[in-house]
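This report concerns only the one structure given below.
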Amino acid sequence: MIDKRMLVDSVTIQKPASKDDWGKESYSTPLLLSPVRFDRNFNAPGAVNNPAGGKNPSFSKPGVIFVYTQYCDVQLDKSYRNGLIKDGEDEYTVNKIVPVYYPAKNKVFCYEIEVM
C-alpha cells in the first residue's frame, strides 16, 4: 500500500464546461484533490546533432498526478480530459486519465492524471 506521508500535494481539477461565441473555454466548479502526489513536468534541451547550426529541439516530459482512492475519495472519468489543473499559481491541461485497478478486482486503486 501507499504511505500517506508520501502524498504531499494538493491540486484542483475542473472539467471543460462549454465555449462562448469567441471560443473561450469555461470550466466547472473546481474539485479539490488532496492528498495526491504530483510529479511535475519539465523541459530540457534535446540532444540532436544539427549541422545547419539551428536551435536544438527541446524535450518535454508530461507531469503525472497520482490520486489514490484510499485517501482521496473521488471518481474521475474521461469527461475531465482537456480540463484544467491548478497547482498554486501554475495551470496545466489534462491530457489523459488512466484508472489503475486492483489485481483480480473491479475496483480502482488509483488514477494517473497526465498533464502538460
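- Between Pro16 and Tyr27, the shortest heavy-atom contact is CA-CD2, 3.7 Å.
- Note on Ile97 and Ile65: same hydrophobic cluster, where clusters join Ile, Leu, Val, Met, Phe, Trp and Tyr whose side-chain heavy atoms are under 4.5 Å apart, directly or indirectly.
- Going from atom CD1 of Ile113 over to atom CD1 of Ile13 covers 4.5 Å, rounded to the nearest 0.5 Å.
- You'll find the ring centres of Tyr92 and Phe38 inside the 6.0 Å limit.
- Here the two rings, on Tyr68 and Phe109, have centers that are under 6.0 Å apart.
- A salt bridge between Arg40 and Asp90 is absent, with no side-chain N of the basic residue lying under 4.0 Å from a carboxylate O of the acidic one.
- Atom-to-atom distance recorded for Ser28:OG and Leu84:CG is 9.5 Å, nearest 0.5 angstrom.
- Under the 3.5 Å distance criterion, the side-chain polar atoms of Thr69 are left unmatched by any main-chain donor or acceptor of Cys110.
- Between Pro35 and Lys4, some side-chain heavy-atom pair lies under the 4.5 Å cut-off.
- In this structure a side-chain-to-backbone donor-acceptor pair under 3.5 Å is missing from Glu114 to Val64.
- A donor-acceptor pair under 3.5 Å links the side-chain atoms of Arg81 to the main chain of Asn95, judged by distance alone.
- Of the inter-residue distances, the one linking Leu31 atom CG with Ile85 atom CD1 reads 9.0 Å to the nearest 0.5 angstrom.
- Note: the hydrophobic cluster containing Val115 also contains Leu33 (ILVMFWY, side chain heavy atoms under 4.5 Å, direct or indirect links).
- Distance check: Leu7 CG to Cys72 SG gives 9.5 Å after rounding to the nearest 0.5 Å.
- Linking Ile, Leu, Val, Met, Phe, Trp and Tyr residues whenever their side-chain heavy atoms come within less than 4.5 Å leaves Val94 and Val98 in two separate clusters.
- Transitive grouping of hydrophobic side chains (ILVMFWY, heavy atoms separated by less than 4.5 Å) keeps Phe66 and Leu76 in distinct clusters.
- Annotation: the span from Lys96 atom NZ to Met116 atom CE amounts to 11.5 Å, rounded to 0.5 Å.
- There is a path of hydrophobic side-chain contacts, each under 4.5 Å, that joins Tyr111 to Val36.
- Residue pairs that meet the salt bridge (charged side-chain N to carboxylate O under 4.0 Å, His left out) test with at least one member in residues 11-26, sequence neighbours left out, do not exist here.
- The distance from the OG atom of Ser34 to the CG atom of Asp9 is 9.0 Å, given to the nearest 0.5 Å.
- Between Val108 and Val100, every side-chain heavy-atom pair lies at or beyond the 4.5 Å cut-off.
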